[in-house]
Amino acid sequence: MTFDTKDITTLLELLSSRICHDLVSPVGAINNGIEFMEDSADDPDAIKQASELIAHSAGSAASRLQVFRLAYGAGGRDGNIKPEDIQKAFGSLIRTDGKIRQSWDPFGPLGIDSKSHKGYCKILIGTLVLAQECLPKGGMIFVDPGQGEETLVKAEGPDATIRENVEAALAGDLAIEALDPRLVHPYACGLIARTYGFQISLAKQSEGNIIWSIKKKPD
């Protein structure tokens, strides 16, 4: 797969749009909280509410930035990043709305050794976000070892679904021109995975249950 300058520019623009879209709400809420606090200087209850809004929104923005850093940035390929760091970062992200929970042991076997395979944790958090996006009404996310060098990321919940063209974007079978900010995450995940010698694919889809597979490609 080759990219020309236009393709790279479009991909960067879409990725930036995705990041900015996810940050606009919490950052805007922080600003609103500050303005509300300034307008309510003589009302202790209002100041308390504004402080709580600012704290919640700041935490939300920070957790999203951390996930973006790990999934898209150079920080995610740091060999010191471990599965427990991924669980912590993703846990902070999903606590924002409280609809999704995760249940997996970052210290147990995951099918792929993160110490031996550079970029694994980067791929893992990107796949966790893929699973999150399959649960519009909330649910549970599990991480388990698969067959051989394989990690399974399972999304279980009511109306669990995969959005149109996500699989094609993940596989790199979608033209850059057909991408939008909603599809740029699976496209980027698939591209990053292949760069580090992994493959992310759909392992199973049934009612209320979607399983993504991370496999180490043979050298």
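Contact of the Phe198 side chain with the Ile192 side chain is not registered, since no non-hydrogen atoms from C-beta on lie closer than 4.5 Å. Counting heavy atoms from C-beta on, the side chains of Asp180 and Tyr187 never come closer than 4.5 Å. At a threshold of 4.5 Å between non-hydrogen side-chain atoms, the residues Leu183 and Leu174 count as touching. A 4.5 Å side-chain heavy-atom check between Ile141 and Trp104 finds every atom pair outside the cut-off. Counting heavy atoms from C-beta outward, Ile214 and Trp212 have side chains that stay 4.5 Å or more apart. Side chains of Leu130 and Pro186 form a contact here, defined as non-hydrogen atoms less than 4.5 Å apart. Between Leu128 and Val143, some side-chain heavy-atom pair lies under the 4.5 Å cut-off. In this structure, Thr151 and Ile123 have side chains that are not in contact, with every pair of non-hydrogen atoms separated by 4.5 Å or more.
Closest approach of Ala89 to Ile125, counting heavy atoms only: CB-CD1, 4.1 Å. Ile112 and Lys216 get closest at one heavy-atom pair: CD1-N, 4.1 Å. Of all heavy-atom pairs between Pro158 and Gly138, the closest is CD-O, 3.6 Å. Residues Ile210 and Ala160 approach most closely at CD1-C, 3.7 Å, considering heavy atoms. What you find for Asn209 and Glu156 is that their closest heavy atoms are OD1-CG, 3.6 Å. Nearest heavy atoms, Ala50 versus Gly33: CB-O, 3.5 Å.
If you run side chain to side chain contact (heavy atoms under 4.5 Å, CB included) between Ile176 and each of Val184, Thr10, Ile8, only Thr10 comes through.
For the pair Lys154 and Phe142, the cation-pi criterion (under 6.0 Å, within 45° of the ring axis) is not fulfilled.
Both Leu65 and Val67 belong to a common hydrophobic cluster when Ile, Leu, Val, Met, Phe, Trp and Tyr are linked at side-chain heavy-atom distances under 4.5 angstrom. Residues Ile54 and Leu23 do not share a hydrophobic cluster, clusters being chains of Ile/Leu/Val/Met/Phe/Trp/Tyr side chains in contact below 4.5 Å. When the side chains of ILVMFWY residues are joined at heavy-atom separations under 4.5 Å, either directly or via intervening members, Ile211 and Leu202 end up in two distinct hydrophobic clusters. Leu110 and Met140 fall into different hydrophobic clusters, where Ile, Leu, Val, Met, Phe, Trp and Tyr side chains are chained together by heavy-atom contacts under 4.5 Å. No continuous path of hydrophobic side-chain contacts links Ile34 to Val27 [ILVMFWY only; heavy atoms under 4.5 Å].
Classified by interplanar angle (parallel below 30°, tilted 30° to 60°, perpendicular above 60°), the ring pair His185/Tyr72 is perpendicular.
For the pair Lys82 (side chain) and Asn80 (backbone), a donor-acceptor distance under 3.5 Å is present. Side-chain atoms of Gln102 come within 3.5 Å of backbone N or O of Gln87 as a donor-acceptor pair. Under the 3.5 Å distance criterion, the side-chain polar atoms of Ser51 are matched with a main-chain donor or acceptor of Ile47. Lys122 contributes a side-chain N or O that, together with a main-chain N or O of Gly73, makes up a donor-acceptor pair within less than 3.5 Å. The main-chain N or O of Leu93 is found under 3.5 Å from a side-chain atom of Thr96 such that the two form a donor-acceptor pair.
Surrounding NZ of Lys137 are at most 12 heavy atoms belonging to other residues, nucleotides or ligands under 6.0 Å away. In Arg77, the CZ atom is not crowded: 12 or fewer heavy atoms of neighbouring residues, nucleotides or ligands sit closer than 6.0 Å.
Taking CG from Asp144 and OG from Ser103, the interatomic distance works out to 8.5 Å, rounded to the nearest 0.5 Å. One distance of note links CD1 of Ile81 with OH of Tyr120; it measures 14.0 Å at 0.5 Å rounding. Distance OG/Ser213 to CD/Gln147: 10.0 Å, rounded to 0.5 Å. How far CG of Leu70 is from NZ of Lys88: 11.5 Å, rounded to the nearest 0.5 Å. Distance check: Leu170 CG to Glu167 CD gives 8.0 Å after rounding to the nearest 0.5 Å. To the nearest 0.5 angstrom, Arg95 atom CZ is 8.5 Å from Ser63 atom OG.
We find that Glu133 and Arg18 are joined by a salt bridge, their nearest charged nitrogen and carboxylate oxygen being less than 4.0 Å apart. Between Asp22 and Arg64, no side-chain nitrogen of the basic residue sits less than 4.0 Å from a carboxylate oxygen of the acidic one, so the salt-bridge criterion is not met.
Judged as a side-chain contact (heavy atoms from CB on, under 4.5 Å), and not counting sequence neighbours, the contacts of Asp113 are Lys115, Ser116.
Between Tyr196 and His117, the gap from one ring centroid to the other reaches at least 6.0 Å.
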